Amino acid sequence: MKGRRLRFWLYRWHRRGGLAAAVIIILVTVSGIALNHTGDLELDSYYPQSSLLLWPYESAIEIRQGILTKDGWLHVFNQQVLLDAKVLGECSRLIGFASTDREMLLVCEEQWLLLNSDWTLLELIDPAFFQLEHIKSIGSGEQRFAVQVDSGHWYVLDLETYSALLLSKADFISVPYELTSLPLSVDSSRNKTISWQRLLLDMHSGRWLGKYGVWLVDLAAIILLFLALSGCWIWFSKARKS
C-alpha cells in the first residue's frame, strides 16, 4: 500500500516536473545540438539581427545614428553617406543637415556636400576654407545656411566666397533636423558584435535569460535528474510487481 502511494506521488510529480522544465530543456537541447556543429554551421561568422533575440545585448551593440528627412533617412555606412539605400558621397561621420528652398547642405567631418532639392550633388566643399572650430550643429534661415561651433556661436555661411560671418543674433536660424537612433528597418545589419555562437552559448548556459537565467537552467537540470530517477523507480516497481 505504501509503495503504491509513493508510486502514485512520483507519477504525478513526474508529469508536472516534465511540463515545468520542458521549455528550458528544449532550449538547452536545441542550442547544444547547434553548438556541437559550430564549425559546419559557421555560427561564429553570422550575426542575428532580430531585436527579440538581441534584447539582452543592447548595451553592447553600437546603435548607429542618422537624420530623418522628408525623403528618407540620412546615415553613414562603410564610409559613405546614404539616403536610405542611395549613395550620396563619401563621409566618415555625419554631423548635420540643413535645407533651404533650393539647396541642401550635408555636413560630414571631412567634407560638406551641397545638393539640390533632388539630392543631386552640386559641389564638395572643404570645411577648412571657412576656418571654423569644431562644428556642433547646422541650421538654416532666410535662405542661408549657418553652423554652430563648440563655443555656442553661430556663423552664417557664404558658399560663393567660402567665408563665415559671426552672427550677433541667431534667432532666425532653425534646426529642424537632428541626429537620432536609426530604426532597425534602416539599420538592419547593425549587429556585428554578437554572433550566433555567442547567442547560443548564452542560451545554453541560461545567461541569455538575465541574472536568474543560470539558476533556471540549474533548476531544469535538477528536475531532469528527478525525472530520470523517478521514471526508473516507477518502471522497476511495476516490473517487480509483475
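Predicted model only: the values in this text are computed from it and were never measured.
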What's the shortest heavy-atom distance between [X] and [Y], and which atoms?
X: Ser31; Y: Leu200; value: CB-O, 3.7 Å
X: Gln197; Y: Leu35; value: O-CD2, 3.9 Å
X: Leu132; Y: Val149; value: CB-CG1, 4.4 Å
X: Leu113; Y: Leu88; value: CD2-O, 3.6 Å
X: Asp84; Y: Gly72; value: OD2-CA, 3.5 Å
X: Leu157; Y: Ala164; value: CD2-CB, 4.1 Å

Practice prompt. Evaluate the ring planes of Trp112 and Phe130, with Trp represented by its six-membered ring, and classify them as parallel (under 30°), tilted (30 to 60°) or perpendicular (over 60°).
Written response: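 Trp112 and Phe130: parallel rings.
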Worksheet item: Going by side-chain heavy atoms closer than 4.5 Å, which hydrophobic residues are tied to Phe172, directly or by a chain of links?
Response: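 Members other than Phe172 - counting any ILVMFWY side chain reachable under 4.5 Å - are Trp154, Val156, Leu165, Leu167, Ile173, Val175.
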Worksheet item: Counting only heavy atoms not in Glu90, do more than 12 sit closer than 6.0 Å to its CD atom?
Response: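 No, the 6.0 Å shell around CD holds no more than 12 heavy atoms from other groups.
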Worksheet item: Would you say Gln143 has more than 12 foreign heavy atoms packed within less than 6.0 Å of its CD?
Response: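 Yes - once you tally the heavy atoms of other residues, nucleotides and ligands closer than 6.0 Å, there are more than 12.
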Practice prompt. Provide the full list of disulfide (SG to SG under 2.5 Å) pairs with a residue in residues 58-111, sequence neighbours left out, each pair given once.
Written response: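 Residue pairs passing disulfide (SG to SG under 2.5 Å), neighbours aside: Cys91-Cys108.
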Does [X] use its side chain to pair, donor to acceptor, with the backbone of [Y] at less than 3.5 Å?
X: Ser174; Y: Pro176; answer: no
X: Ser140; Y: Ser99; answer: yes
X: Asp158; Y: Thr161; answer: yes

Practice prompt. Take Glu110 and Ser92, measure what side-chain hydrogen bond (donor to acceptor under 3.5 Å, both in side chains) needs, and give me the verdict at the end.
Written response: CA-CA 7 Å; Glu110 72 284 0; Ser92 61; 2.8 Å; yes
Practice prompt. With the side chain counted from C-beta on, respond yes when Val217 and Val28 share a heavy-atom pair under 4.5 Å apart, and no when they do not.
Written response: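 Yes, at least one pair of side-chain atoms sits under 4.5 Å.
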Item to complete: Decide yes or no for Glu103 and Leu115: does some side-chain heavy atom of the first lie under 4.5 Å from some side-chain heavy atom of the second?
Response: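 They are not in contact (no side-chain heavy atoms under 4.5 Å apart), so the answer is no.
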Worksheet item: Looking at CZ of Arg207 and CG of Leu199, how far apart are the two atoms once the value is rounded to the nearest 0.5 Å?
Response: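 Here the interatomic distance stands at 11.0 Å.
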Item to complete: May I ask you to check whether Trp73 and Tyr177 place their ring centers less than 6.0 Å from one another?
Response: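 No, ring centres 6.0 Å or more apart.
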